[in-house]
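Below, read A as the first sequence line, B as the second, and so on, with proteins coming before strands; counting in each chain starts at 1.
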Amino acid sequence: MSHDDHDHDHDHDHTDPPAETALRVKALETLLTRRGYVSTEALDAVVDMFETKVGPRNGARVVAKAWADPAYKKRLLERPTEAIAEFGFINRQGEHMRVVENTPRVHNVVVCTLCSCYPWPVLGLPPVWYKSSAYRARVVIEPRAVLSEFGLKVPEDVEVRVWDSTAELRYMVLPERPAGTDGMGEEQLADLVTRDSMIGTGGTRTP
Amino acid sequence: MNGLHDVGGMHGFGPIEIDPNEPVFHAPWEGRVFAMALAMGGHFKIPLDRSRFLMESVAPIDRVALGYYERWMNRLFQVSEMRDILSKDEVRVCKAGTTPETGSVRAKALTRADLEGLFNTIRSSSRPITARAAFRIGDKVRAKVMNPTGHTRIPRYVRGRMGEVIGDHGGHVFPDTNALDPPREDPCRLYTVKFAATELWGAEVNRRDSVCVELWERYLEPL
C-alpha cells in the first residue's frame, strides 16, 4: 500500500486514490463477472440509476408538493414513508422515513455520527462532506459553527435541532416555504429546493 | 465498540470541505464499487449491522488512511472471502491489480432487473413485539453508561446523559445482536430521545439547542 504521496494531516473521506485502486476494482469486477455473480450491464444500470435517476430532485418534488398542498403536508409529517411513496420513491434506505419541519422557532439538521446513513430515495447518495469525519464530529457539538461554514446563520433565539440517524429511520428536512412564492406551481417551487435545504445545512433559493 | 467511526463531538478535523459541483461518483471505479456492493449484497446475505461491524473493525490506522469507497472495496474482498465466493489467493491476486485465472461459473448472474429489484426491495427493520413499552413520550431517561466491544448504535457522546423520550417507533431489530455471527434479531423497542445541547456539551453552548438520537430500550434506564 503506497500512500506516501499523500499528505496525511486529515482524514481521507474525499480521497484521491492511487491508480492501483482502480486496477484492483477492475480485477474484482472482471473476476466476479466471469464467475457469474454480477454482469457489466447490471452494474452499469446501478451506476446510471444513482447518477441520473435517484437524487435530490426527488426530494424537491416532495417538498414542493408539501408547500403547495396542505393536506399532503399533513400526510407527509404524519406518515412520511407512505406520503413519499405516493411519488414512487420507496426503496432501499427509505424504509422508515421521517420528515422534520423547519419553523420560525426550530431549524433542523441531519447527520449520521456513526456511519453515513442518508435517505437515498429522496436525496440520492450523500455528498463527500456529509460522510466526512469533520461534519459528523462537529455538527452535534457546534452546529451553529458548522452551519455558518455553509453560509447559514441561524438566529440565537431559534433552536438548532440536530437529528443523529443512529437507527434505520432516515430524515429529510422540510424547509420553510420562501417568501414571494404565492401562486407558484409545484414545478416552479421544486426549483427553489436545494439538496442542502433538505439536510438542513443550506437555505432554499429565492425566486 | 469504541471505534474511530464513532466521531460525534470529536475535535481536530478542521473545516468542512464543501464542493458545490461534486459528481455522484468521483471516478468510475467508485461507481463500480458501489454497484458491486449492492449486487453482491444479494449473494453475501449478511445483515446490514454485521456489515457495519466489519467496517468498524478495520484498524484505526487503516481507517484513517483509506477513502470511503476504498473501505467499501476492502469490505467486498473481505466478505467475498468469508463467504467462499473468492479464495484467499484470488483476493491476493486481485489486490495486486491483476485478474486471476478463473474456474467455472458458480452463480447465476444478477440481471439488470434483479439489481433494480434489489434496490427496490424494502428491508424494514420494524418487528412486532409484545413487551409493553418501558417508557412513554415525555419520560425522562438516561442513556446507560456502557462500552460494548461488539457492534452498537449508542454513540459515546450520549452515554450517561439524560434526555427526554419524544418518539416511540415500536419494535426494531436490535443491532448489537443482529451484528453477531450468526445474527440474532432480538427485536427491542426503539425511541427517539432528545438531549439538551447543554446536557451533552456543557454550559457554553446555546441552551436552546438539542440533539435527537434514536436509542433502543436496552440502551436506556429510567431516572
Closest non-hydrogen atoms of A:Pro207 and A:Thr181, given as atom of the first, atom of the second and distance, are CG-CG2, 3.7 Å

Partner chain A: residue of B:Ser80, B:Pro175, B:Ser126, B:Gly167 with the largest heavy-atom pair count (under 4.5 Å): B:Ser126

Most contact-rich option vs chain B, by heavy-atom pairs under 4.5 angstrom, among A:Thr201, A:Thr113, A:Val111, A:Asp196, is A:Thr113

A:Val158 versus chain B, heavy atoms under 4.5 Å apart: side chain, backbone, both or neither? backbone

Looking at B:Ser210, B:Ser124, B:Gly8, B:Gly31, which makes the most heavy-atom pairs under 4.5 Å with chain A? B:Ser210

Which bit of A:Glu142 is near chain B, if near means a heavy-atom gap under 4.5 Å: side chain, backbone, both or neither? neither

Which portion of A:Tyr171 sits near chain B, non-hydrogen atoms under 4.5 angstrom: side chain

What closest approach, in Å, do B:Ala143 and B:Phe195 show between heavy atoms, and which atom pair accounts for it? CB-CZ, 4.3 Å

If you count heavy-atom pairs under 4.5 Å between each of A:Asp164, A:Thr166, A:Val46 and chain B, which one has the most? A:Thr166

Is it the side chain or the backbone of B:Arg52 that comes within 4.5 Å of chain A heavy atoms, both, or neither? side chain

With chain A, the option among B:Leu4, B:Leu48, B:Ile16, B:Val173 that has the most non-hydrogen atom pairs under 4.5 Å is B:Ile16

From the list A:Lys26, A:Glu41, A:Glu51, the residue making the most non-hydrogen contacts under 4.5 Å with chain B is A:Glu51

Just give me the residue among B:Val33, B:Leu215, B:Asn206, B:Val211 that pairs up with chain A most often, heavy atom to heavy atom, under 4.5 Å. B:Asn206

Do the side chain of B:Glu90 and the main chain of B:Ser87 share a donor and acceptor less than 3.5 angstrom apart? yes

Identify which of B:Trp201, B:Phe25, B:Phe77 forms the greatest number of heavy-atom pairs closer than 4.5 Å to chain A. B:Trp201

B:Glu22 side chain to A:Val128 main-chain N or O, any donor-acceptor pair under 3.5 Å? yes

Worked check of salt bridge (charged side-chain N to carboxylate O under 4.0 Å, His left out) between B:Lys194 and B:Glu164: CA-CA 5 Å; B:Lys194 183 176 179 177; B:Glu164 181 186 338; over 6 Å; no

When you measure from the side chain of A:Lys53 to the backbone N and O of A:Phe50, does any donor-acceptor pair fall under 3.5 Å? no

Applying a strict 4.5 Å limit to non-hydrogen atoms, the region of B:Thr98 in contact with chain A is backbone

Contact leader toward chain B among A:His107, A:Arg144, A:Arg138, A:Arg98, where contacts are heavy-atom pairs under 4.5 Å: A:Arg144

For the ring pair B:His172 and A:His96, is the centre-to-centre distance below 6.0 Å? yes

Is the backbone of B:Ser51 close enough, under 3.5 Å, to the side chain of B:Arg75 for a donor and an acceptor to pair up by distance? yes

Do B:Phe34 and A:Trp120 have ring centres separated by under 6.0 Å? yes

Pick one of side chain, backbone, both or neither for B:Tyr157, based on which atoms fall under 4.5 Å of a heavy atom in chain A. side chain

Largest heavy-atom contact set with chain B, pairs under 4.5 Å, which of A:Leu169, A:Leu23, A:Thr81, A:Val154: A:Leu169

Among B:Val91, B:Thr192, B:Val205, which residue forms the greatest number of heavy-atom pairs with chain A at distances under 4.5 Å? B:Thr192

B:Arg218 NZ/CZ over B:Phe174 ring centroid, <6.0 Å and within 45° of normal: yes

If one checks every heavy atom of A:Asp44 against chain B at 4.5 Å, the contacting part turns out to be both

Cationic tip of B:Lys144 within the cone over B:Tyr219's six-membered ring, i.e. under 6.0 Å and within 45° of the normal? no

By a 4.5 Å heavy-atom criterion (distance strictly below it), what part of B:Val7 contacts chain A: side chain, backbone, both, or neither? both

Do A:Trp129 and A:Phe150 have ring centres separated by under 6.0 Å? yes

Side chain, backbone, both or neither: which part of A:Ser116 has an atom under 4.5 Å from a heavy atom of chain B? side chain

Of the backbone (N, CA, C, O) and the side chain (C-beta and beyond), which part of A:Leu28 lies under 4.5 Å from a heavy atom of chain B, both, or neither? both

Would you mind checking which part of A:Leu32 comes under 4.5 Å of any heavy atom in chain B, side chain (CB onward), backbone (N, CA, C, O), both or neither? side chain

Sidechain N-carboxylate O distance under 4.0 Å for A:Glu159, A:Arg105: no

